[in-house]
Undergrad: 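First the structure, then my questions, so here it is.
Everything numeric in this text was worked out from a predicted model, so none of it was measured. All chains are named by letter (A, B, ...) in the order of the sequence lines, taking the proteins before the strands, and each is independently numbered beginning at 1.
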Amino acid sequence: MPPLDMPADIIGAASAWPFEEARKLVKRVERTGQGSVLFETGYGPSGLPHIGTFGEVARTSMVRHAFRVLTGDRIPTRLVCFSDDMDGLRKVPDNVPNQDLLRRHLGRPLTEVPDPIEPGISFGHANNARLRAFLDRFGFDYEFVSSTALYRGGRFDAALRLMLERLEAVMAIMVPSLGAERAATYCPFLPIHPESGVVMQVPLVSHDVAAGTISWRDPATAALFETPVTGGHCKLQWKPDWAMRWHALGVDYEMAGKDLIDSVKLSGQIVRALGSEPPEGFNYELFLDQNGQKISKSKGNGLSIDDWLRYASPESLSLFMFQKPSAAKRLYFDVIPRAVDDYLGFLDAFPRQADKEKLGNPVWHVHAGEPPAAEKLQPEGGAGTTLSFAMLLNLAAVANSEDPAVLWAFLRRYAPGVSPATHPRLDGLVGYAVRYYRDFVRPAKRYRAPDDIERDALLGLDAALAALPEGASAEEVQTALYDVARPIPRYQDFKAKTATPERPGVSNEWFNTLYQVLLGEERGPRFGSFAVLYGIPQTRALIRRALDGGLIADHVAFLAGRGTAPA
RNA sequence: GAGCGCGUAGCUCAGUCGGUAGAGCGCCUGACUUUUAAUCAGGAUGUCCAGGGUUCGAGUCCCUGCGCGCUCACCA
């Protein structure tokens with residue numbers, strides 16, 4: 001991290017939430033005198049990483065960076081992404097193949113269940129690898145930690161023996177939080193069955209602190225087992241597990257969703273019973289879908305991480321995560337363009353801002369204090385401006401093209417000399433806009449068949465286009481358009497500004513016909529400009545496809561290919 | 001039952017330390033165009049949920065209430 005060239009009082013007064021969070025840690029360090037700080041995020045590898053996983057790592061990284069700035073980077077920090085991969089497989093996920101295979105392994109640790117996709121590797125390990133690839137894709141600085149590896153490697157042994165020693169205290173914390181039925185059988189230790197390998201949820205028969213063992217009975221056979229709590233022979237129940245981990249690793253900071261408020265409370269009490277201080281942290285609000293429902297993987301509502309990254313940059317998602325973690329936010333497709341344009345706007349403003357504002361600017365947090373320069377378009381004789389994503393989406397619709405090169409042709413008209421080489425991030429935006437067009441705009445198109453009058457008019461237009469000289473300008477095409485329609489009574493407009501009885505104007509209906517029949521839209525671009533950029537021969541081909549019914553047939557096929565019915 | 005979040009323009013939402021209410025979209029007018037909507041300039045729009053309190057001053061802080069929604073109470 002490069003040194004931050006800002007006065008200490010400005011940094012000290014920074015009020016963005018990552019700074020507020022980091023100050024809790026500064027106080028903690030002052031109180032305890034500790035020489036380093038550990039951040040943790042948790043992950044359950046029973047499924048693929050999701051957008052909440054990203055949010056938690058991104059937000060924790062922002063707090064970590066703020067802490068480093070507040071302390072001048074004098075206190076070493078680490079971020080651990082902890083995978084709870086020794087957890088037993090509770091139910092077979094609906095969205096994976098080989099359901100039978102998984103069903104045979106129900107109850108066993110995820111790292112003992114074969115992966116339904118990749119042979120020769122466990123479900124837990126496979127999902128761990130997916131998580132790491134996912135995090136690496138964003139360039140997060142983290143250390144991956146496997147629960148299974150630590151349990152089996154003995155890293156938790158001392159903490160596990162301590163918990164056994166303080167079992168009464170732990171029970172006293174947990175039991176009141178449980179229903180009567182569960183309380184009667186609750187035990188924080190979950191022995192791994194030595195024969196079946198299943199993570200057993202059984203009542204405690206007895207325990208031996210000196211030996212470090214628990215005794216329990218197999219409910220199926222009534223056989224009595226004595227199992228060491230150490231060495232990976234036992235796992236802990238969720239809340240004691242969290243607490244034990246905090247204690248054993250010395251976790252100083254972990255945030256969690258508000259659904260875990262009670263868990264944080266109980267785990268905090270347990271970690272105190274083990275003689276450690278619970279980590280700092282806060283509870284962020286959950287994400288909702290378009291209708292205000294909680295996003296859940298099983299329901300498949302809301303937005304997946306892949307959905308977002310198909311249409312927008314990781315930075316824009318990072319910005320979304322930065323903004324108001326304490327408010328429940330709706331997370332669905334429509335918020336993407338807004339997030340992208342907010343991001344571009346903040347990036348644009350950053351160089352103009354004073355230090356104090358910079359520390360409050362989301363891009364400072366998104367880019368760990370070093371936001372890149374905004375890519376601007378410089379029209380001839382004009383000031384540079386940042387092209388908004390909203391405008392690019394319009395352009396993609398206007399260009400009626402899934403080809404980024406066509407959009408670049410539009411952009412060069414505005415600012416000659418620009419290219420993907422000079423504006424690589426803008427090129428990324430162009431790619432996103434094109435995809436958005438393909439996935440949202442194009443499916444909504446409704447092509448209309450021309451009637452006889454329209455058919456004649458289109459034939460006339462085709463002939464007029466054919467008669468244009470090579471390299472005709474947009475204006476010449478536009479003029480040709482008017483001249484084709486002017487003699488046709490349906491399109492004559494005698495109320496137009498410049499209309500005379502001899503030379504009537506041309507009504508909007510003519511253009512609307514072109515949009516509806518040729519582009520499948522109710523509105524469209526200035527047609528002269530469109531035809532030139534799209535290409536005169538291509539436009540003529542488009543007209544022919546409209547006349548022979550090809551456009552409608554193509555669109556039906558396109559929709560069928562996507563599995564959607566025509567609009 | 002317990003714990004939260006939200007309520008601001010037609011819609012979606014910002015609003016930092018308490019100091020004359022903002023953005024985007026939409027809408028209206030105009031520029032450009034031979035009259036259409038990539039663009040540009042300008043404009044209109046508010047019971048800041050309600051009531052009370054603190055204050056010289058409250059969208060903002062405190063209390064109460066109303067409405068909408070979420071989470072937890074089995075597991076993680």
Side-chain angles (χ1 to χ4, degrees), chain A residues 13-17 42-47 84 87-88 90-91 176-179 181-182 186 201 237-239 241-242 256-267 283-295 323-330 332 334-335 337-338 341-342 345 356-357 359-361 379 382 385 387-400 407 410-411 413-414 433 474-475 478-479 481-483 485-486 491 493-500 503-515 521-530 533:
Chain A
S15 61
W17 69 263
Y43 165 66
S46 57
D84 188 19
D87 196 28
R90 292 199 167 65
K91 72 176 231 247
S177 73
L178 303 165
E181 201 174 317
R182 185 77 186 90
Y186 186 83
Q201 190 169 299
Q237 281 277 7
W238 147 243
K239 289 169 197 116
D241 196 58
W242 210 7
K258 82 164 184 183
D259 52 331
L260 297 184
I261 287 173
D262 291 338
S263 300
V264 170
K265 222 176 274 180
L266 287 170
S267 294
N283 293 286
Y284 52 85
E285 262 285 356
L286 272 26
F287 296 112
L288 308 175
D289 72 3
Q290 190 162 7
N291 304 313
Q293 302 297 304
K294 177 190 175 182
I295 287 185
Q323 288 174 319
K324 278 245 220 181
S326 62
K329 290 190 298 186
R330 294 183 182 192
Y332 59 104
D334 297 16
V335 307
R338 167 82 179 265
D341 279 336
D342 282 353
K356 181 176 178 245
E357 280 74 41
L359 294 183
N361 188 325
T385 59
L387 195 66
S388 76
F389 191 51
M391 191 193 294
L392 271 175
L393 292 177
N394 280 336
L395 270 182
V398 159
N400 192 47
L407 260 70
F410 273 86
L411 297 182
R413 254 186 91 208
Y414 176 72
E475 286 66 32
Q478 192 76 7
T479 300
L481 279 170
Y482 280 103
D483 289 342
R486 208 182 310 280
Y491 301 125
D493 179 1
F494 295 96
K495 293 197 291 280
K497 241 187 257 173
T498 57
T500 62
R503 190 174 181 280
V506 176
S507 73
N508 286 348
E509 192 174 348
W510 168 230
F511 295 97
N512 292 336
T513 298
L514 295 178
Y515 303 139
E521 309 257 19
E522 291 306 308
R523 304 164 191 164
R526 213 170 150 212
F527 206 83
S529 311
F530 168 78
L533 289 161

Undergrad: Closest to the A:R182 side chain: B:C75, B:G69, B:A76?
TA: B:C75

Undergrad: Roughly, in whole Å, what's the span from CG in A:D259 to P in B:G5?
TA: 15 Å

Undergrad: What distance do A:L407 atom CG and A:L392 atom CG have between them, rounded to the nearest 0.5 Å?
TA: 6.5 Å

Undergrad: Tell which nucleotide pairs with B:U45, taking only Watson-Crick or G-U wobble pairs whose two distances are both under 3.5 angstrom.
TA: none

Undergrad: If B:C4 has a Watson-Crick or G-U wobble mate with both distances under 3.5 Å, name it; if not, just say none.
TA: B:G69

Undergrad: Write down the distance separating the P atoms in B:U20 and B:U60, rounded off to the nearest Å.
TA: 14 Å

Undergrad: Check every strand shown and say whether A:G257 touches a base, only sugar-phosphate, or nothing at a heavy-atom separation below 4.0 Å.
TA: nothing

Undergrad: With a 3.5 Å limit on both atom pairs, tell me what B:G30 is paired to, counting Watson-Crick and G-U wobble, or say none.
TA: B:C40

Undergrad: Just how far is it from atom CG of A:D262 to atom OG of A:S177, taken to the nearest 0.5 Å?
TA: 8.5 Å

Undergrad: Flag as yes if A:Y482 stacks onto the base of B:U34 (centroids under 5.5 Å, planes under 30°), otherwise no.
TA: yes

Undergrad: In whole angstrom, what separates A:L260's CG from B:C72's P?
TA: 8 Å

Undergrad: Taking atom C1' in both B:C11 and B:C56, compute the distance separating them and give it to the nearest angstrom.
TA: 38 Å

Undergrad: Suppose you measure atom P in B:G69 against the same atom in B:U64; what distance do you get, rounded to whole Å?
TA: 23 Å

Undergrad: Rounded to the nearest Å, what distance is computed from the CG atom of residue A:L266 to the P atom of nucleotide B:A2?
TA: 17 Å

Undergrad: For atom P, what is the distance between B:A21 and B:A9, given to the nearest Å?
TA: 15 Å

Undergrad: Across the strands shown, which category fits A:K356 at heavy-atom distances under 4.0 angstrom: base, sugar-phosphate, nothing?
TA: base

Undergrad: Mind calculating the distance between CZ (A:F511) and P (B:U34) to the nearest angstrom?
TA: 10 Å

Undergrad: Rounded to the Å, how far apart are A:Q323 CD and B:U16 C1'?
TA: 14 Å

Undergrad: Given the C1' atoms of B:C62 and B:U55, what is the spacing between them in whole Å?
TA: 12 Å

Undergrad: How long is the span from the CZ atom in A:R182 to the CD atom in A:Q201, to the nearest 0.5 Å?
TA: 4.0 Å

Undergrad: Quick one: CG on A:L514 to CD on A:E509, what's the gap to the nearest 0.5 Å?
TA: 11.0 Å

Undergrad: Rounding to an integer number of angstrom, what distance separates B:C49 and B:A14 when you compare their P atoms?
TA: 13 Å

Undergrad: Any base atoms under 4.0 Å from A:D84, or only sugar-phosphate, or nothing? Heavy atoms, all strands.
TA: sugar-phosphate

Undergrad: Between B:C4 and B:A44, how far apart are the two P atoms, rounded to whole Å?
TA: 43 Å

Undergrad: For A:Q237 and B:C75, is the shortest distance between a side-chain N/O and OP1 or OP2 below 4.0 Å?
TA: no

Undergrad: For B:U55, give the paired nucleotide (Watson-Crick: N1-N3 plus N6-O4 or O6-N4; G-U: N1-O2 and O6-N3; both under 3.5 Å), or none.
TA: none

Undergrad: Run the side-chain contact (heavy atoms from CB on, under 4.5 Å) test on A:L266 and A:W238 for me, step by step, so that the C-alpha distance in whole Å, both residues' side-chain angles and the decisive distance to 0.1 Å come before the verdict.
TA: CA-CA 11 Å; A:L266 287 170; A:W238 147 243; over 6 Å; no

Undergrad: Applying the Watson-Crick and G-U wobble criteria at under 3.5 Å, what pairs with B:U20? Answer none if nothing qualifies.
TA: none

Undergrad: Using the closest heavy atom to pick a nucleotide of RNA chain B for each, name whichever of A:L392 or A:L286 lands nearer the 5' end.
TA: A:L392

Undergrad: If the P atom of B:G30 is compared with that of B:G18, how far apart are they to the nearest Å?
TA: 46 Å

Undergrad: Going through the checks in order, is the side-chain contact (heavy atoms from CB on, under 4.5 Å) test met by A:W242 and A:D84?
TA: CA-CA 10 Å; A:W242 210 7; A:D84 188 19; over 6 Å; no

Undergrad: Before giving the answer on side-chain contact (heavy atoms from CB on, under 4.5 Å), spell out for A:K329 and A:V335 the whole-Å C-alpha distance, their side-chain angles and the decisive distance to 0.1 Å.
TA: CA-CA 10 Å; A:K329 290 190 298 186; A:V335 307; over 6 Å; no

Undergrad: Toward the 5' end of RNA chain B, which comes first, A:S15 or A:T479, by nearest nucleotide?
TA: A:S15

Undergrad: Pairs under 3.5 angstrom, nitrogen or oxygen only, protein versus nucleotides 6-14 of chain B, please.
TA:
from  : atom 1 : to     : atom 2 : distance (Å)
B:C13 : O2'    : A:R338 : NH2    : 3.3

Undergrad: In this structure, how many angstroms lie between the P atom of B:C75 and the CH2 atom of A:W242, rounded?
TA: 15 Å

Undergrad: A:D483: what forms a salt bridge (charged side-chain N to carboxylate O under 4.0 Å, His left out) with it, not counting sequence neighbours?
TA: A:R486

Undergrad: Tell me: NZ of A:K258 to P of B:G3, nearest whole Å?
TA: 13 Å

Undergrad: How close or far is atom P of B:C32 from atom CD of A:Q478, stated in whole angstroms?
TA: 15 Å

Undergrad: Are A:F511 and A:Y482 an aromatic pair, judged by ring center distance below 6.0 Å?
TA: yes

